[in-house]
Amino acid sequence: MPVVAKNLASLFTLPVQFWVYLVVGLTFLGLILAVTLLAKRRTAPAMAEEPAQPTQTKLPVQVASALLDIGLETQEVNIRKALTHSLGLFLMSDLCGLLEKSPASDALVISQMFDLIRETHLEDFTLKQPIEEKTIHNILVGLPFIANHKQSDQSLQNSFKNATGYNEAGSLLVIPLGEDLAAPAILCLTPYTQREFHQQDIDLVLPLKPKLLQVLSKASDIDERVNAAETLRLSLKQLTRSHNQIQEQLIRSQQLLEEAKIKLADHKNDTTQEVALWVERQQALEAEVDDLTEKIAENLSAVQEAKEIKQQCDALEKALEENKRNISELNTTLANAQGVINQSIGKTEPAPSDSLAGFVSNASGYGMNNDPASLEAQYNQSIHQTAADFAQRDITLLVQVEPLSSDFAPLTLTALKIIHLMQLNAYKASPNHATVEITVSAQQDEQQNPALEILVTDQGGGISPQEQSHFLRFARSSHHPVPAGIGDAAALREVVQLVEQAGGHLWIHSAKDQLTTYRILLPGSAHPAEKSVLEK
């Protein structure tokens with residue numbers, strides 16, 4: 001009995017999140033069980049002629065395992081994965097994921113998609129191919145719809161194949177969980193089995209919509225509470241560290257106070273002895289006063305000499321004032337002469353300015369001259385003009401600007417700003433005695449249209465694959481942790497904004513403790529590209 005009581009008591013020490021996840025998982029399991037029983041009751045009249053047989057509904061072991069994952073995981077992304085896992089098994093769909101709107105653009109994003117055949121989750125991806133307005137309208141109004149492979153509306157399936165590389169998409173089932181794209185929609189595909197979806201599949205999921213939204217909402221709340229708890233933990237740790245430092249300072253102050261008390265006692269003892277000595281010295285001084293009185297008479301003659309010295313000092317001060325006036329006149333003459341020289345030259349030297357301000361001032365005139373040779377000169381001049389600090393740290397800067405056509409003249413200002421920001425990042429990321437390479441050339445994009453390619457390679461610490469997968473979050477949020485291989489986070493964020501505004505692309509080629517190469521592709525002015533997202 002004591003052992004049982006001890007085990008029961010240990011259950012109450014578990015975190016509150018564990019009990020919350022467990023309750024959510026059991027509730028979701030009960031809902032699926034109830035919907036399954038309801039579906040079987042609807043098919044019961046067709047079997048009325050047969051004698052009633054006792055039935056026992058059992059969910060697959062994988063479904064129960066997935067639902068238990070909801071109670072055990074502590075992060076929102078894992079709860080969402082468990083939901084798509086369980087829904088894919090419940091609907092027997094080859095692929096099951098969440099269709100959401102991208103927070104940065106109007107594009108549609110498929111997240112947490114579970115592959116039932118391969119038993120794995122796919123990486124999140126964006127549907128780049130345009131979707132038919134009819135399909136978008138159905139999602140916005142919150143209407144579920146089915147697009148089997150025999151029907152004409154295949155835009156969403158084609159977008160899926162182009163984004164993932166699948167050879168087939170199969171039938172399509174979309175069940176929005178809200179009346180707009182703010183709430184995710186359930187997306188099911190059957191590229192393997194080619195099974196068609198019917199209304200009864202929708203009927204199985206519709207009763208679960210409130211609970212699905214509630215689980216996703218609670219997952220977001222739990223994630224916020226976890227972040228808040230982490231913030232409080234860090235604050236408590238910082239306060240504890242400050243308290244320990246104050247405690248150490250207090251101990252040192254007490255030690256200094258004790259030492260000061262000891263010195264004060266010693267000083268009092270020394271003062272008592274000094275008083276006796278001062279009495280003896282006073283008597284000796286009185287005797288010396290008599291001697292000094294005699295010497296005063298002797299010093300009277302010295303006073304007369306001092307008066308003569310005073311007169312000489314006054315004469316020197318007058319000469320000094322005269323010299324000051326002469327110097328002032330010489331300065332005035334020199335200033336007038338300098339003005340005459342400046343007028344003859346016709347210009348003055350510019351005041352020194354900040355390197356970035358000087359870059360913006362010089363770059364404001366770029367793009368006005370369409371001469372290809374002038375474009376190459378402008379790129380070379382701008383890159384070397386802003387690289388003065390590289391020589392101080394003995395960093396070698398290798399620059400290669402290939403011949404450019406006049407089509408890229410409108411991109412000059414944007415490209416020079418991007419190159420300057422990438423130089424700042426490479427300068428801060430690279431160690432001393434390193435090498436930074438910058439290449440500017442004319443290339444073609446995927447549609448064979450002219451594009452300006454910018455390659456920047458530095459010798460920083462490299463960027464791991466995991467850090468590259470979170471690069472988009474880092475680029476759009478200043479609160480996201482900065483990867484160790486990045487030199488200037490603010491400069492890279494501004495580069496991402498400039499690339500997106502120009503409709504270009506950005507790739508990262510790197511690994512941990514390896515070289516890092518940033519490849520930027522900007523579309524030519526004659527062929528404007530659609531707004532793009534970052535690629536790695």
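Everything numeric in this text was worked out from a predicted model, so none of it was measured.
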Undergrad: Do other residues, nucleotides or ligands put more than 12 heavy atoms under 6.0 Å from the NZ atom of K209?
TA: yes
Undergrad: Check A185 against P176 and note the closest heavy-atom contact, atom names and distance.
TA: CB-CA, 3.5 Å
Undergrad: Testing I146, L189, T190 for side chain to side chain contact (heavy atoms under 4.5 Å, CB included) with L172, which one passes?
TA: L189
Undergrad: Can you tell me how far CD of Q157 sits from CD of E168, rounded to the nearest 0.5 angstrom?
TA: 9.0 Å
Undergrad: Quick one: do S171 and Q194 satisfy side chain to side chain donor-acceptor pair (under 3.5 Å)? Show the steps, please.
TA: CA-CA 6 Å; S171 300; Q194 296 294 314; 5.9 Å; no
Undergrad: Has R80 got a side-chain atom pairing as donor or acceptor with G97's backbone, closer than 3.5 angstrom?
TA: no
Undergrad: Between Q459 and L515, is the side chain to side chain contact (heavy atoms under 4.5 Å, CB included) condition met? List the steps.
TA: CA-CA 5 Å; Q459 296 182 356; L515 297 177; 3.3 Å; yes
Undergrad: Do I110 and L98 touch side chain to side chain, with heavy atoms closer than 4.5 Å?
TA: no
Undergrad: I'd like to know if the side chain of T414 reaches the main chain of L411, judged simply by a donor and an acceptor atom lying under 3.5 Å from each other, with no hydrogens or angles considered.
TA: no
Undergrad: Do H433 and I395 have side chains that get closer than 4.5 Å, going by heavy atoms?
TA: no
Undergrad: Do any N or O atoms from the side chain of R233 and from the backbone of A228 form a donor-acceptor pair under 3.5 angstrom?
TA: no
Undergrad: Provide the closest heavy-atom pair for G88 versus C96 in the form atom of the first, atom of the second, distance.
TA: CA-CB, 3.7 Å
Undergrad: To the nearest 0.5 Å, tell me how far I175 CD1 sits from L204 CG.
TA: 8.5 Å
Undergrad: Of all the heavy-atom pairs spanning L127 and A163, show the shortest one and how long it is.
TA: CD2-CB, 4.3 Å
Undergrad: As an exercise, state the distance from CD of E100 to CG of D124, rounded to the nearest 0.5 Å.
TA: 8.0 Å
Undergrad: Would you say D445's side chain and P450's backbone share a donor-acceptor pair under 3.5 angstrom?
TA: no
Undergrad: Could you tell me the separation between the CG atom of D458 and the CD1 atom of I438, rounded to the nearest 0.5 Å?
TA: 10.0 Å
Undergrad: How about CD on Q466, more than 12 heavy atoms from neighbouring residues, nucleotides or ligands closer than 6.0 Å, or not?
TA: no
Undergrad: Is it the case that the side chain of D94 and the backbone of T193 share a donor-acceptor pair, with hydrogens and angles ignored and the cut-off at 3.5 Å?
TA: yes
Undergrad: Using the rule given for side chain to side chain contact (heavy atoms under 4.5 Å, CB included), can you reason through T84 versus H121, listing the C-alpha separation, both sets of side-chain angles and the distance that settles it, and then say yes or no?
TA: CA-CA 9 Å; T84 55; H121 280 85; 3.3 Å; yes
Undergrad: For residues 396-404, which side-chain N or O atoms pair as donor and acceptor with protein atoms under 3.5 Å away, sequence neighbours left out?
TA:
none

Undergrad: Would you mind reporting whether L522 and L498 have side-chain heavy atoms less than 4.5 Å apart?
TA: no
Undergrad: Can you list the steps and then say if N432 with D394 is a side chain to side chain contact (heavy atoms under 4.5 Å, CB included)?
TA: CA-CA 6 Å; N432 293 341; D394 198 15; 5.7 Å; no
Undergrad: Quick one, F390 and V436 - any side-chain contact, counting heavy atoms below 4.5 Å?
TA: yes
Undergrad: Are the side chains of Y427 and D488 in contact, using a 4.5 Å heavy-atom criterion?
TA: no
Undergrad: Heavy atoms only: give me the nearest K161-N167 pair and the separation to one decimal.
TA: CD-O, 3.7 Å
Undergrad: Looking at side-chain heavy atoms only, is the closest gap between L239 and H243 below 4.5 Å?
TA: no
Undergrad: Only counting residues at least two apart or in another chain, list the ones meeting side-chain contact (heavy atoms from CB on, under 4.5 Å) with Q443.
TA: S441, E453, L521
Undergrad: Among residues at least two apart in sequence or on other chains, which ones pass side-chain hydrogen bond (donor to acceptor under 3.5 Å, both in side chains) with D115?
TA: R118, Y166, Y192
Undergrad: Say whether, by atom type as modelled, one donor and one acceptor occur between the side chain of N162 and the main chain of N158 under 3.5 angstrom.
TA: yes
Undergrad: Quick one: pull up CE in M113 and OG1 in T164 and give me the separation to the nearest 0.5 Å.
TA: 8.5 Å
Undergrad: Evaluate the criterion side chain to side chain contact (heavy atoms under 4.5 Å, CB included) for residue pair V499 and H505; output intermediate values, then yes/no.
TA: CA-CA 7 Å; V499 172; H505 299 266; 5.6 Å; no
Undergrad: Nearest 0.5 angstrom please: R493 CZ to I486 CD1, how far?
TA: 8.0 Å
Undergrad: When the ring centroid of W507 is compared with that of H509, is the distance short of 6.0 Å?
TA: no
Undergrad: With a 4.5 Å cut-off on side-chain heavy atoms, are I419 and L421 touching?
TA: no
Undergrad: Does some side-chain heavy atom of L116 sit less than 4.5 Å from a side-chain heavy atom of F114?
TA: yes
Undergrad: Would a distance-only check, ignoring hydrogens and angles, find a side-chain to backbone donor-acceptor pair under 3.5 Å from S510 to I463?
TA: yes
Undergrad: Work out which heavy atom in A434 is nearest to a heavy atom in P431; give both atom names and the distance.
TA: CB-O, 3.2 Å
Undergrad: Over all heavy atoms of both residues, which pair between L452 and F408 is shortest? Give the atoms and the distance, please.
TA: N-CE2, 3.6 Å
Undergrad: Say whether, by atom type as modelled, one donor and one acceptor occur between the side chain of E500 and the main chain of Q497 under 3.5 angstrom.
TA: no
